Amino acid sequence: MESSVLARAAAQRREPETRPERTRVMVVANQKGGVGKTTTTVNLAVALAQLGQRVLVVDLDPQGNASTALNVEHHRGIPSTYDALVDGTPLVEIATESPDVPHLSVVPATIDLAGAEIELVSVVARESRLRKAIAGHPLVGSRDEVGEDRLDFVLVDCPPSLGLLTLNALVGGAEMLIPIQAEYYALEGLGQLLETVEMVRQHLNPDLRVSTILLTMYDARTRLAAGVADEVRGHFGDQVLKTAIPRSVRVSEAPSYGQSVLTYDPASAGALSYLEAAREMLTKGTSA
Ligand code: ADP
Ligand code: MG
């Protein structure tokens, strides 16, 4: 049974994946901490890259956990998201290539970013700094504009708050990916998040939509998780990916080795489900 799952996964990995016609900018946000935003950003980014996509991760959390997991330097003073937002440094000058994964690059976050939330308050167009930075990246755009070197995905890992950093992300992308932890309080706070999305849509970014919901830390053995999943699917319907990410020690161990679960333990259930979720995102994207 397990070997057939692995064989299928290997076969799927060999299939050529079609690339989107233009760069998809996806904002991974949920103001709750610990729901799996960073884990999802990192592992989906690697999964998408393994499926032949060109991916840029923008670490927008001063904690820099995505930078750590993707094994890129992010000590104070190196060029980072802070420079892009506060000084307008072009993203292409800041991004560094993943040392481990081809076609994946990262704009790291340093602790300097913690100050940006306040420093940006007095900056012109403070909520559209990231939008400008992403739009100004020479590899962001359509096949016609940019050609085959274009980025297919920009994934933005947001901090656990609805402050100016997350607002910049919501203004900067057209798609939002909300990870929801399959636990009792899963839906708490979601109303506030969706109100914020609506506000942004009306005033700052009419293109914004919640394109993708991903259930994380799913424990198939509990009725609670199944109940939460049903509730989320009942509420959001097709926006919810069919694949849920199981709770797995391998997923939580990987970052301490500077790795994604896909490189740390490619045959694990966590790795296979992030790969499957990435495949769903690719096929959904063409119909959405
Ligand atoms: P956020 O970025 O939303 O704060 P994280 O991605 O950092 O959340 O995840 C919070 C914690 O949960 C981390 O310790 C992470 O390793 C762990 N975690 C995330 N997803 C899983 C999973 N599928 N299985 C086990 N642990 C997980
Ligand atoms: Mg995080």
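First listed ligand is number 1; within each ligand, the first listed atom is number 1. Predicted model, so just to flag it, every value in this text is computed and none were measured.
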Trainee: Inspect the surroundings of CD in Glu198 and state if more than 12 heavy atoms from other residues, nucleotides or ligands are less than 6.0 Å away.
Mentor: yes

Trainee: Identify the closest protein heavy atom to atom 6 (O) of ligand 1: which residue and atom is it, and at what distance?
Mentor: Thr39 OG1, 2.5 Å

Trainee: Measure the distance from atom 8 (O) of ligand 1 to every protein heavy atom, then report the residue, atom name and distance (to 0.1 Å) of the closest one.
Mentor: Gly36 N, 3.0 Å

Trainee: Could you tell me the residue and atom name of the protein heavy atom closest to atom 26 (N) of ligand 1, and the distance to it rounded to 0.1 Å?
Mentor: Ser252 CB, 3.6 Å

Trainee: Tell me whether Lys37 has any N or O atom under 3.5 angstrom from an N or O of ligand 1.
Mentor: yes

Trainee: Answer yes or no: is there a side-chain heavy-atom contact under 4.5 Å between Leu170 and Leu208?
Mentor: yes

Trainee: So that I can tick it off, tell me whether Lys242 and Glu276 are bridged by a salt bridge, with the cut-off set at under 4.0 angstrom between side-chain N and carboxylate O.
Mentor: no

Trainee: Identify the closest protein heavy atom to atom 21 (C) of ligand 1: which residue and atom is it, and at what distance?
Mentor: Met217 CG, 3.4 Å

Trainee: Taking atom CG as the centre, does Asp219 end up with more than 12 heavy-atom neighbours from other residues, nucleotides or ligands that are less than 6.0 angstrom away?
Mentor: yes

Trainee: Between Val46 and Leu104, is there a side-chain heavy-atom distance shorter than 4.5 Å?
Mentor: yes

Trainee: If you scan the protein for heavy atoms around atom 14 (O) of ligand 1, do you find one that is closer than 4.0 Å?
Mentor: no

Trainee: Name the option, out of Gly33, Ser248, Gly34, Ala66, that contains the heavy atom nearest to atom 25 (C) of ligand 1.
Mentor: Ser248

Trainee: I'd like to know if Glu148 pairs up with Arg19 as an ion pair, taking the criterion as any Lys NZ or Arg NE/NH1/NH2 lying under 4.0 Å from an Asp or Glu carboxylate oxygen.
Mentor: yes

Trainee: Does Arg250 pair with Asp265 as a salt bridge, N-O distance under 4.0 Å?
Mentor: yes

Trainee: Please evaluate residues Thr38 and Asp157 with respect to the criterion side-chain hydrogen bond (donor to acceptor under 3.5 Å, both in side chains), reporting the C-alpha separation (whole Å), side-chain torsions for both, the decisive distance (0.1 Å), and the verdict.
Mentor: CA-CA 6 Å; Thr38 300; Asp157 185 30; 2.8 Å; yes

Trainee: Do you know how many protein N, O or S atoms are within a distance smaller than 2.8 Å of the Mg ion (ligand 2)?
Mentor: 1

Trainee: Does a salt bridge link Arg76 with Asp112, judged by any charged N lying under 4.0 Å from a carboxylate O?
Mentor: yes

Trainee: Please check atom 11 (C) of ligand 1 for a protein heavy-atom neighbour under 4.0 Å.
Mentor: no

Trainee: To check you understand the geometry: which heavy-atom pair defines the closest contact between Glu127 and Val171, and what is its length?
Mentor: O-CB, 3.4 Å

Trainee: How long is the straight-line distance from OG1 of Thr39 back to CD1 of Ile245, given to the nearest 0.5 Å?
Mentor: 10.0 Å

Trainee: Measure the distances from the heavy atoms of Ile245 to every atom of ligand 1 and state whether one is below 4.0 angstrom.
Mentor: yes

Trainee: Nearest to atom 7 (O) of ligand 1, what protein heavy atom do you find, and at what distance?
Mentor: Thr38 CB, 4.1 Å

Trainee: Please report the closest heavy-atom contact between Thr216 and Pro179, naming both atoms and the distance.
Mentor: CG2-CB, 4.0 Å

Trainee: Mind checking whether Val35 contacts ligand 1 via backbone (N, CA, C, O), side chain (CB onward), both or neither, at a 4.0 Å heavy-atom cut-off?
Mentor: both

Trainee: For atom 23 (N) of ligand 1, what is the nearest protein heavy atom, given as residue, atom name and distance?
Mentor: Pro246 O, 2.9 Å

